[in-house]
Structures are given as C-alpha cells and as structure tokens.
S.K.: 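Mind looking over this structure? Questions follow.
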Amino acid sequence: MNGTCVYTSRAFPACFILVFLCTLFSTSYALGKTVRVATVDSSINPGVALFIERTIKDAHVADDECLVIQLDTPGGLADSMRSIVKSIMESDVPVVVYVAPSGARAASAGVIITIAAHVAAMAPGTNIGAAHPVAMGKEIEGAMAKKVENDMVAYARSIADERGRNADWAEKAVRESVSITADEALKNKVVDLVAGNIEELLPKINGRTVLVKGKQRVIDVAGATVTYEEESLREKILRTIANPNIAYILMMLGMVGLYFELANPGAVFPGIVGAISLILSFYAFQTLPVNYAGVLLIILGLILFILEIKIASYGMLTIGGLTCLVLGSMFLFHSDSLGLVRVSWQVLVPTVAVVTLFFTVVLGLIVKAMLHKPTTGLEGLLGEEGQVTQLADSGEIKVFVHGETWNAESDERLELGDRIRVVGKKQFFLQVKKAVRSQGD
C-alpha cells in the first residue's frame with residue numbers, strides 16, 4: 001500500500017507536466033496559424049515575379065495556411081507572368097489571388113495569374129479581362145498575331161481547365177479582349193467568390209477544399225494571424241528600374257554623365273553618376289525584352305558625341321549622334337506577347353529634347369572655342385598694338401606689346417615712341433608696322 005502511494009505521488013507531477021506540455025503545444029499550434037498577404041500594385045515585371053516567387057517559398061517554409069496575393073495590375077511582361085503562374089501552380093501552399101481594393105483591375109497578364117490561383121476572388125467595383133496579346137503597346141498584326149494569339153489562348157484554357165474555371169471566357173478574354181465586373185466574373189465561374197476586404201475574404205475561404213499539387217487540402221484560417229509581406233530592397237529596386245521609362249531615363253542620364261566627364265576630365269561627380277546610371281540601366285535591360293540594335297544605336301550616338309570633342313567636324317558628328325539617339329530610343333524595346341513594354345512618348349520626347357539641348361549647347365561652346373582668337377603666346381599677339389621703346393644703332397628694335405617687351409623687325413622706318421601693330425612673327429621676332437590712326441586720334 002505504501003509502495004503504491006509512493007508510485008502515485010511520483011507519477012502525478014510527471015502526468016501533470018505531460019498534460020501541460022500537450023495543452024501548450026496544441027495552444028501554440030492553434031495560435032501559430034498564419035495567413036500571408038502580398039500586395040502587387042504595379043505592372044507585371046521581373047521585380048514583381050521575384051517578389052511573388054520568394055513569398056511563395058517563404059510561405060511554404062513558414063507552413064502558412066495560405067498565401068493571399070492582393071492584385072491590381074494593368075498587365076505586363078509575358079515572361080514574368082509565366083514565372084508567377086508556374087510558381088503558383090507548383091506551390092505547396094494554397095494561393096489566393098484577390099483582385100482588390102475596389103477600383104482595382106486584373107487586366108492582360110493579371111487575368112492569367114488570377115485564374116491560375118487555387119482560389120480566385122475579387123472585391124466589388126473591380127474588373128477582370130482584356131488579355132489580348134499586344135506588342136510595344138500596339139496590337140500584333142499578320143501571321144505572327146495569329147501565332148501569338150493561339151499560343152496564349154491554349155495557355156489560358158489549359159490553366160482554366162486545371163483550376164475548373166470557365167475556359168471559354170478565358171479564350172474570349174484573349175481573342176476578343178472582353179472584360180467583366182466582379183459580379184459577372186462570379187456568375188460566369190471565372191472567380192470563386194466576391195469579398196469586400198481581407199477580413200471578409202478569410203471567413204469565405206475557410207473550410208474550402210482545394211487541389212494543391214494533386215492532393216486535396218482544406219484551407220483552415222479560423223483564428224489565423226494575418227501577416228503582410230514586404231518587398232526586399234533588391235525587389236523594390238528591380239521593380240522600379242524594370243519600368244521601361246525608368247530604364248531609358250537611366251541610360252540617357254548615364255550617357256550625359258560620361259560625356260560631361262570625358263569633356264571635362266576631373267569633374268568626377270558626373271562620371272560617377274553616369275557610370276552608376278548606366279550599370280542600373282543595363283541591369284534593367286537584362287530583365288526587359290530589349291532590341292539590342294536600339295542599344296547599339298544609342299551607344300554609337302554617344303561615341304559620335306565624344307568624337308565631336310576631339311575632331312573639328314563643325315556639328316556633323318553631333319547631328320549624326322542625335323539621329324542615332326532618336327532612332328535607338330524608338331527601337332529600344334522589341335515585342336512582348338503581353339506587351340506594355342515601351343518607352344512612353346511623354347517620356348521619350350522630353351528626354352530626347354533635353355539631351356539634344358545639352359549636346360547642342362556643348363557643341364556651341366566647342367565651336368566657339370575653336371573659332372575664338374588665341375589670347376596667349378605669339379598667336380595671341382597678332383593684331384595687337386604697342387609702342388617702340390628702344391632703337392639701337394645695330395637696327396635692333398624693342399617694342400612693348402600686351403604688357404611685355406619683345407624684339408621686333410619692321411620694313412618701315414620707326415622712331416622711338418611710335419605706335420605699332422603686330423602683323424606677324426618670325427621665330428621669336430615680331431613683325432611690326434606703324435599703326436594707322438584715325439584723324440580723331
């Protein structure tokens with residue numbers, strides 16, 4: 001009896017601790033449920049793709065219940081869109097694409113991203129559609145148009161079929177650029193639900209069964225903590241400079257900075273700014289559909305501007321440089337199947353005008369310096385007037401010109417104190433003649 005009592009008294013604390021740990025673990029598990037939210041409010045570009053891919057991986061590592069991508073986009077690059085869709089399709093965590101807030105849109109590339117989600121949702125007052133392929137902001141024409149269009153239709157239909165969504169509407173969005181409201185999208189089974197905000201969205205997706213990498217998974221977000229994902233500095237920089245307008249301005253700024261440094265060696269600051277700008281622009285060009293003929297034309301323009309400093313072409317090299325600059329700017333980006341990859345005319349025209357003005361002013365200063373009369377050395381004395389200060393029996397003449405005393409020679413007879421004008425030079429002797437003065441002098 002005593003032995004039993006002793007055993008029980010020793011076992012009680014151990015049982016209590018075990019129950020406490022189990023309770024603590026289950027409580028921690030319940031409290032540890034998280035929903036990660038990533039906001040995309042820009043065109044679809046490599047910076048956005050990098051952000052979404054990294055966020056999906058982080059959500060998997062953290063074992064989040066789901067990832068919500070709050071989307072508002074006019075579209076963007078096809079390659080970036082395909083990278084995002086691929087990451088969503090291969091995600092180990094359910095991905096919810098939520099077109100929000102009110103007034104937002106999922107256009108062009110945004111359509112494909114939305115229908116690729118495990119759960120597609122929209123806020124009231126939003127729209128989705130207009131996914132017809134374009135190039136450089138224009139519709140593609142001819143046989144290439146049909147080829148690109150059919151490819152995008154097959155891509156959209158395959159994703160819609162995989163997610164059990166309206167593949168016929170997805171095809172119309174590509175072929176006919178149709179666009180519909182949130183309520184119409186819900187009615188046509190393009191999206192799964194409509195919710196006003198994140199707080200309203202979570203209860204609506206709670207308990208929903210989705211297919212994640214071929215396996216059914218129930219989304220359990222009851223009581224989950226919502227965390228908002230922030231872009232890293234690298235992602236922010238890439239998203240910003242991947243904008244064709246920003247990349248173009250950086251390239252122009254780099255050209256002007258390097259040109260100014262080469263024209264004025266030792267200025268340092270313009271050279272540093274120019275070099276950094278060029279490096280950033282070339283980094284952006286790696287992520288954009290760049291036409292390298294356009295890049296080469298712009299670089300040729302810079303070379304012609306630099307040669308203008310060294311060769312007296314009186315403006316011909318600058319005119320050639322400006323021609324290369326304008327043509328290169330127009331051809332800088334080539335076609336991309338979901339487009340919106342072009343330099344805006346509102347950016348291109350003022351930028352070319354400012355750069356042209358800069359090089360024109362510099363050219364004017366160079367030509368003026370070439371035509372300006374020398375002010376130093378023997379060449380600078382031509383045409384200057386002076387006075388005879390010394391006459392020697394040997395015929396040696398000394399004159400005072402331009403604040404200096406010089407040896408001089410003359411074909412005319414000169415007297416001490418005569419006013420003279422320098423008309424030439426012979427070795428270190430000035431050739432002088434009497435200065436002709438007006439009657440008023």
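Keep in mind it's a predicted model, so treat the numbers as computed, not measured. No hydrogens, no waters, no symmetry mates; every other heavy atom, side chains included, goes into these values.
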S.K.: Just checking, any donor-acceptor pair under 3.5 angstrom between side chains of S80 and N45?
M.R.: no
S.K.: Please list, chain by chain and in numerical order, all residues satisfying salt bridge (charged side-chain N to carboxylate O under 4.0 Å, His left out) with R175, sequence neighbours excluded.
M.R.: E149, E171
S.K.: Taking C-beta and beyond as the side chain, do E415 and V388 meet within less than 4.5 Å on heavy atoms?
M.R.: no
S.K.: Assess whether side chain to side chain donor-acceptor pair (under 3.5 Å) is satisfied between S329 and Y248, documenting all intermediate values.
M.R.: CA-CA 8 Å; S329 300; Y248 175 70; 2.6 Å; yes
S.K.: How would you list, by chain and number, every residue that makes a side-chain contact (heavy atoms from CB on, under 4.5 Å) with V194, sequence neighbours excluded?
M.R.: P124, A182, D183, L186
S.K.: Could you tell me which residues satisfy side-chain contact (heavy atoms from CB on, under 4.5 Å) with V210, sequence neighbours excluded, listed by chain and number?
M.R.: P94, H118, V119, R208, V212, I219
S.K.: Please check if atom CD in E230 has more than 12 non-hydrogen atoms from other residues, nucleotides or ligands closer than 6.0 Å.
M.R.: no
S.K.: Within the side chain of N166, is there an N or O that forms a donor-acceptor pair under 3.5 Å with the backbone of N188?
M.R.: yes
S.K.: Spell out, as yes or no, whether a donor-acceptor pair under 3.5 Å connects the side chain of T126 to the backbone of A100.
M.R.: no
S.K.: Do I56 and I88 have side-chain heavy atoms sitting under 4.5 Å apart?
M.R.: yes
S.K.: Side chains of E385 and I420: does their closest heavy-atom pair fall under 4.5 Å?
M.R.: no
S.K.: Quick one: pull up OG1 in T114 and CZ in R163 and give me the separation to the nearest 0.5 Å.
M.R.: 12.5 Å
S.K.: Tell me if the NZ atom of K433 is crowded by more than 12 foreign heavy atoms within 6.0 Å.
M.R.: no
S.K.: Counting heavy atoms not belonging to K189, are there more than 12 under 6.0 Å from its NZ?
M.R.: no
